[in-house]
Protein chains: 2
Amino acid sequence: MTTHRARSGRVTIHDLAREAGVSVSTVSKALNDNGRMAAETRARIKRIAAEIGFRPNALARGLLSSRSFTIGLLTNDTYGRFTLPVMAGISEALVDHGVSVFLCAIEDDPALGKIHVDAMLDKQVDGIIATGKRIDRSLPVDLAGLPVPVVYAFTAGAPESVTFTADDAQGAALATVWLKKVGRRRLVHITGPEDFVSVRERASAFAKEAGEDAPVHYGVWSESWGHQAIADLWSAGERLPDGIFCGNDQIARGVIDALRERGVKVPDDVSVIGFDNWEILAEQTRPPLTTVDMNLKELGREAGLMVLALAEGRAAEPGLRKLPCKLVVRQSCGGTQID
Amino acid sequence: MTTHRARSGRVTIHDLAREAGVSVSTVSKALNDNGRMAAETRARIKRIAAEIGFRPNALARGLLSSRSFTIGLLTNDTYGRFTLPVMAGISEALVDHGVSVFLCAIEDDPALGKIHVDAMLDKQVDGIIATGKRIDRSLPVDLAGLPVPVVYAFTAGAPESVTFTADDAQGAALATVWLKKVGRRRLVHITGPEDFVSVRERASAFAKEAGEDAPVHYGVWSESWGHQAIADLWSAGERLPDGIFCGNDQIARGVIDALRERGVKVPDDVSVIGFDNWEILAEQTRPPLTTVDMNLKELGREAGLMVLALAEGRAAEPGLRKLPCKLVVRQSCGGTQID
DNA sequence: AAATCATGAGAAAACGTTTTCTCATATTGA
DNA sequence: TCAATATGAGAAAACGTTTTCTCATGATTT
């Protein structure tokens with residue numbers, strides 16, 4: 001057994017070539033199934049490579065191919081509620097292709113954003129995915145004119161860019177139809193701030209399904225707003241709702257707590273449905289929350305595959321792609337089957 | 001204005017050398033403040049570099065220096081509640097040093113773990129940080145004998161490794177002392193499963209401060225357990241507590257809800273304190289939760305700086321480093337000052 | 001005036017791969 | 001038997017940097 005380690009401590013193709021008694025070019029061709037070569041030689045080289053644990057240096061490879069098999073993920077969603085599933089999807093989609101992901105949290109800070117973008121470019125990322133908390137705000141960093149493709153997920157993209165988001169209207173319709181399906185007729189929508197595009201899209205889909213006169217109450221994205229909204233409705237007292245579609249799970253949680261405090265049974269008296277399927281919240285609510293899932297992981301997958309495609313030079317039609325939401329049935333609406 | 005772009009589309013040092021009318025070696029030395037050179041030449045090269053937007057290719061640089069200015073972050077905390085702040089701290093600490101972070105979510109899957117570790121090594125990371133959900137479990141991947149330094153944060157490390165975690169005992173003491181300070185005398189501890197090392201450390205610190213006879217109730221990490229525990233205590237009815245130290249914020253949330261349902265006022269009748277400072281939950285609890293913060297972001301910073309130090313060849317004493325927790329005072333205990 | 005020294009800048013090697021040539025030998029066809 | 005072709009494998013260039021070495025030129029010392 002001869003020694004085969006270079007000074008760097010990592011096994012290089014030269015060590016392998018020496019060990020196998022061939023040239024580095026032969027080794028390279030053997031391992032990449034390129035070139036002409038005796039099958040026996042190829043097999044022997046591969047065997048020895050496995051034995052001594054040779055793994056090609058991706059830096060060297062990337063230098064030559066001008067592909068780094070690396071993409072950058074830019075996010076300002078510090079808390080990560082939306083970003084995390086998206087990230088998981090991206091990572092899952094790309095790991096099979098040998099692509100790694102740089103995580104760059106920019107916390108709404110333009111200076112930090114620039115630093116991260118520069119660092120990514122220096123490191124020759126093959127592409128960038130920008131992701132955020134809402135589809136109608138863009139990240140505080142200029143991604144136009146970069147030498148690599150950029151895909152936007154859950155954040156506003158540049159004109160002529162590829163952008164992915166959830167189909168808010170379809171999700172809201174899903175929720176509203178479900179409330180009707182479990183027999184509810186007096187529906188209300190308690191949701192977030194009206195300046196969110198998502199809020200408006202969901203509200204108008206709700207109106208379409210529930211009737212134009214079905215009340216919509218705008219507020220903020222908090223439990224206490226849900227609580228407050230119920231207090232307001234019940235103190236007004238006229239034509240109390242029997243089905244409540246909430247703009248997110250936190251609001252739904254507040255709504256359910258407020259109903260319980262008033263002795264209103266969920267789902268016996270009133271059905272409540274949320275939005276986001278923030279599992280740790282939705283599952284712990286009593287009763288567990290039926291809610292709309294935006295399929296963020298799938299959205300991440302698609303974004304990952306898209307940036308990969310663009311990096312490989314395949315063209316893609318620019319524009320906003322809305323991915324369908326799905327219903328997650330738990331117990332806060334009654335009903336059991338998913339369709 | 002001559003053209004200075006190479007075919008790759010990115011400006012290289014050769015383009016810059018041509019533009020400046022000097023050799024590439026001179027350019028390199030100029031930009032890195034190395035070598036001997038007329039000050040005027042250096043300045044001129046720097047100016048032109050900025051003009052044409054030259055940024056050195058980190059791959060090429062890394063190939064030569066055998067440093068990639070990249071580290072890998074391995075995590076199995078899919079939900080990200082613990083990992084996210086740690087990540088933020090790591091990123092924040094390293095971005096100043098030009099180091100980028102590969103995010104590798106392995107979801108408790110050994111095969112996926114191996115894939116990610118191999119990918120990181122291929123990409124010549126300068127070091128790896130492993131992070132998880134609890135200090136007494138290790139990631140399902142073998143990080144021993146890797147050619148790069150490994151630092152563990154919030155997960156069990158290999159023997160002789162550098163590991164960071166929060167000081168559970170100190171945090172629990174902080175909470176218990178605070179309950180006494182706001183005048184509570186009949187303390188109980190409602191916490192998670194006893195097989196967690198953290199749970200046992202917190203419980204024994206609680207016992208030390210609250211008295212060995214102060215009751216400790218073990219359960220699970222959920223709101224409903226907090227709810228249940230209060231139901232049990234109040235139905236037993238003997239010597240009801242006036243101060244409750246909860247093992248995490250979710251339990252505290254369940255406890256507070258259960259107390260409210262029984263007409264017990266928080267914090268007037270009973271003080272409740274949580275653990276984790278999971279802000280989105282702690283802030284939305286009514287009343288907002290006083291809780292113990294594990295300083296995970298700071299933990300991430302330290303881990304980041306440590307892996308950097310090790311990567312640069314500086315030695316560090318192996319062992320478990322416990323970082324202090326801090327108290328975050330909101331309204332669920334009464335009292336106002338932090339100390 | 002000759003020898004020494006400081007200065008500024010370029011040439012070339014190196015990092016670890018992949019790829020394109022080139023070339024010797026073996027095989028085939030007439 | 002001689003040429004044409006296949007086959008196997010190596011040499012060298014390339015990717016974009018950094019670093020070490022070399023070499024003019026001009027300034028300083030004897």
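Values below: all heavy atoms of this structure, side chains included; hydrogens, waters and symmetry mates excluded.
If you check D/dT17, C/dT18, C/dC15 against the side chain of A/Ile13, the one that comes closest is C/dT18.
Summarising the geometry, the separation between NZ on B/Lys123 and C1' on C/dT17 is reported as 15 Å, rounded to the nearest angstrom. Nucleotide D/dT18 holds its P atom 14 Å from the CG atom of A/Leu59, rounded to whole Å. Per the geometry, CG belonging to A/Leu63 stands 12 Å off P belonging to C/dT18, to the nearest Å. Between the NE2 atom of A/His14 and the P atom of C/dT17 there is a distance of 8 Å, rounded to whole Å. Rounded to an integer number of Å, the gap from A/Gln124 CD to D/dG16 P is 9 Å. In this structure, B/Asp33 atom CG and D/dT17 atom C1' are separated by 17 Å, rounded to whole Å. Here the P atom of nucleotide C/dT19 and the CZ atom of A/Arg61 are 9 Å apart, to the nearest Å. Rounded to an integer number of Å, the gap from CG of A/Leu64 to P of D/dT17 is 14 Å.
Considering all non-hydrogen atoms of both residues, B/Phe164 and B/Ile135 come closest at O-CD1, 4.3 Å. Closest approach of B/Ala311 and B/Asp126 over heavy atoms only: CB-O, 3.4 Å.
When the options B/Asn76, B/Asp77, B/Thr155 are evaluated for a side chain to side chain donor-acceptor pair (under 3.5 Å) with B/Thr83, the one that passes is B/Asp77.
The list of ring-ring contact (aromatic ring centres under 6.0 Å, His included) pairs with a residue in residues 84-110 of chain B, not counting sequence neighbours, reads A/Phe102-B/Phe102. Listed by first then second residue, pairs satisfying side chain to side chain donor-acceptor pair (under 3.5 Å) with a partner in residues 304-317 of chain B read B/Glu312-B/Arg314, not counting sequence neighbours.
The side chain of B/Asn32 places an N or O atom within less than 4.0 Å of a non-bridging phosphate oxygen (OP1 or OP2) of D/dT18. For B/Asn57, no side-chain nitrogen or oxygen approaches OP1 or OP2 of D/dC15 to under 4.0 Å. The shortest distance between the side-chain N/O atoms of A/Asn34 and the OP1/OP2 oxygens of C/dT19 is below 4.0 Å.
Across all strands shown, B/Arg67 has no heavy atoms under 4.0 Å from either base or sugar-phosphate atoms.
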Summary of protein contacts for nucleotides 4-12 of chain C, nucleotide by nucleotide, where a base hit scores B, a sugar-phosphate-only hit scores S (4.0 Å, heavy atoms): ---BBBBBB
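Using a cut-off of 4.0 Å between Lys/Arg side-chain N and Asp/Glu carboxylate O, B/Arg321 and B/Glu302 are scored as not salt-bridged. B/Asp118 and B/Lys114 are joined by a salt bridge, as a carboxylate oxygen and a charged side-chain nitrogen come within less than 4.0 angstrom of each other.
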